[in-house]
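Input: a single structure, listed below in structure tokens.
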Amino acid sequence: MYAQFYAGSRLVDLPLFALLLFVATFVGVLVRTGVAKRRGDFESVARLPLDDGRPAPQAPQHTPDGRPVR
Amino acid sequence: MHTERIEYDDTVVRRFIAASVLFGLVGMLVGVLAATQLAWFQANLGLPYTTFSRIRPLHTNAVIFAFVGNMMFAGIYYSMQRLLKARMASDLLSRIHFWGWQLIIVAAAVSLPLGITTSKEYAELEWPIDIAIAVIWVVFAINFFWTIARRNEKHLYVAIWFYISTVITVAVLHIVNSLALPLSPLKSYSMYSGVQDALVQWWYGHNAVAFFLTTPILGIMYYFLPKAANRPVYSYRLSVIHFWALVFIYIWAGPHHLLNTALPEWAQSLGMVFSLMLWAPSWGGMLNGLLTLKGAWNKVREDPVLKFFAAGVTFYGMATLEGPLLSIKSVSALAHYTDWIIGHVHSGALGWNGFMAAGMFYWLVPRLYGTKLHSTRAAEIHFWLGTIGIILYIVAMWVSSATQGLMWRATNPDGTLVYPGWVETLVAIRPMYMARALGGAMYLAGFVMMAWNLVKTARAGAPVTVTVEVVVDDAAVAAPDAPGIGAVLAGRPLWFSLVGIGAITLLGFVRPMRAVVVIGFVLLLGELAWIVSIRDKEKGRPSWFGIIERRPMAFSVLTLVAILIGGMSELLPTLLIKQAVPAHSASAQQPYTPLELQGRDLYVREGCYVCHSQMVRTLAADTTRFGDYSKPEEFIYDHPFQWGSKRTGPDLHRLGGRYPNLWHYSHLMDPRSTSPGSNMPSYAWLESGTIDAPLARKKLVLMQKLGVPYTNADVDGAEVSQRRQAEAVVTDLAQQGVTVPWNSEMVALISYLQRLGRDVGVRPVPTSATVSATSPVEAPPAAPARAQGGI
């Protein structure tokens, strides 16, 4: 029976099914990302690029050869 | 909890930016020259070193590895120090990395115009340079992971993940694809042959785009775009999905470069389906980038940095929509080997890479030199010059591609070709080649303005050394009680995923009724995973993701596993399979003769594969024009394969025996003498060049080691056989009034060309005895029943 099933299906059917499954999953994930409440779990990590620390007070910005920055 | 004082190493960042801009100028200038040569063949200048087929690899290598490579290192060194709150672990390793990489670029710039090449696209550099690349990459990797190990920030931001995937995957790709046996310090032969070589090469080629031109630039996007817009990334959760989906799927997509060829059908289907899947994570990432600008679009109008980033991310979206589209077999049948691919690549390279680089440089250079950008107005002009240049370029390539694709396949009601002469197509698309050269020149003009602007900016300020104080949470960074590698490997999401993937794979092998049960099981598993994750969260347990994102080694291993699954699944079957064709039977593919082997090396040296394919696809348009479709077994002795990826000239796989020797001689000396209207450069230096005759024996010995069934008698008689075959060609040419020495490079190349594709439907070579060729132009077609693709 299964041999007939596969004999009757084209080679491309299974990959197409996998593709549809994937797209459906991905759309689901996108929708969840869009509608889910912004939980705090990633907030601090997401802000990492914006956190530069504070310029060191005793260390004026200077050039490698010691000249102060213009 | 303590305060740590950190002085960042930005000297290396400044150096990489300067190198990127300098080599960007060179690479794009060479690109404009190459584009000009396609429209006006005279721009080849008649020199071997400036000929299109030799400088095209120079252009691609310069832009990919010198321009984007240096830009990527600048972005990585700047952002990772700040994201990890740590100075690079070793200034010495940073310096070795920088100078080593520049030396490699110089070696490429010298060797490629000299014709020292492996012919594997984007991996043309010969084995000593390949080893240098591997060594310098390891130096970079040590410094990179060492810095991660010494970090003062417990979290690894998503940009760092993208960098990790680049460091690991590029190493794997480079080593696997570059495996070769050296013949001499400047010549090697790929370990793989034919179909295997093609599959490994395009697994590499496609993933060089993925992990050299995409993932590191995405990391840069996830750092610099929020920075420039002064707001966090739109959805961090989406960036996590973007990362894992991209890393897992990208590695499978390579075979889409080989659709409708002699590659096994299963590999083609895998390549196509995974390429289509790629559309989803790519667009997820693009939307995440663009939505980060939500609420800041007013800034985009005024700030050139954001303008470049917004346009760059948009081009990323466009290129990643076009890529999967081109990977559909029926679309590929029309578009492959045409200029569409060139346009597609440039919308990615110029739009995505080039604009992201420009945005990053305009943002970084003023900060690295403690000043303001010299001219915002010039940056604006750069943006518009670049944008119009790219659009002109890619639209020209679309029109050119549609013209090529349709003209190549157009047939009369009786099945013959409407445009049998190849040059007819070439003449039709010439205006598009002119438009492309103009578009490229406009982009280059914008880039020159940027270089000037950045130099003026740097000279107005002085190099800044940034020292900051950061608060370090000792408990979190050291975290002696943090879950270890065991917790990572025992993580429920990992096992749910593995069992899920296993169950889905089973679907391909079980009976339909059981398949329904399996689908039900997968759905139940998903439901169970969902419930377990909610319960764990309620109990305050750290999530699995939370564990791995703080464990760089576990993270790197998982990334490696993700890329190896795809890579090995596709490569191993063709590498492990026994040769399907008996090597010694009379009907088997015969190895090349010593002279043909010498000629083949010249074919590689001159870069003929840049414009000519050797792959008659399983399409009516191809077989009607070129002859019987190419079979996998015909390539088993091809180290390396020469299938090519573009047809500026026609396919050559069934060229053998089609034209007399004199035709080839005339064509190589002056292509327009046989093919009026052709844009092919002359290769007249082949007539005076001589082959290294004693090398024939050494080449056969090396081929024996690679598995080509030469006997010891073949090896011993290599030089005699070589001379005998050459003299037959010389005698034939002499009867037509052409005198060339037997050891002329011209004779060797003609012998190779006359051999191509002749083991299937062998045709005798037409000689002066069988053809009364009064003029080379009047050389008769060899298969009158078919319309021919005249060269």
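Values below: every heavy atom of this structure, side chains too, minus hydrogens, waters and symmetry copies. Source: prediction; values computed, not measured. The sequence lines fix the lettering, A, B, ..., with proteins before strands; numbering per chain opens at 1.
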Q | Set of residues satisfying salt bridge (charged side-chain N to carboxylate O under 4.0 Å, His left out) with respect to B:K372, sequence neighbours excluded | A | none
Q. Atom CZ of A:R47 and atom NE2 of B:H155: how far apart are they, to the nearest 0.5 Å?
A. 14.0 Å
Q.
Taking every non-hydrogen pair under 4.5 Å, which of B:S239, B:A159, B:P281, B:S79 racks up the most with chain A?
A. B:P281
**Q.** Part of B:I6 lying under 4.5 Å from any heavy atom of chain A
**A.** neither
Q. How far apart are the closest heavy atoms of A:A46 and B:P232, and which atoms are they?
A. O-CB, 3.7 Å
Q) Within the side chain of B:K227, is there an N or O that forms a donor-acceptor pair under 3.5 Å with the backbone of A:P49? A) yes
Q: Determine whether A:L50 and B:N230 make a side-chain contact, defined as any pair of heavy atoms from C-beta on separated by less than 4.5 Å.
A: yes
Q | Residue list, ring-ring contact (aromatic ring centres under 6.0 Å, His included) with B:Y223, at least two apart or on another chain | A | none
**Q.** Shortest non-hydrogen contact from B:Y157 toward A:V45
**A.** CD1-O, 3.3 Å
**Q.** B:Y222, part contacting chain A, at a heavy-atom distance under 4.5 Å
**A.** backbone
(Q) Would you say that more than 12 heavy atoms from the other residues, nucleotides or ligands in this model lie under 6.0 Å from the CH2 of B:W363, or not? (A) yes
Q) Is it true that B:K85 and A:D51 make a salt bridge, defined as a side-chain N closer than 4.0 Å to a carboxylate O? A) yes
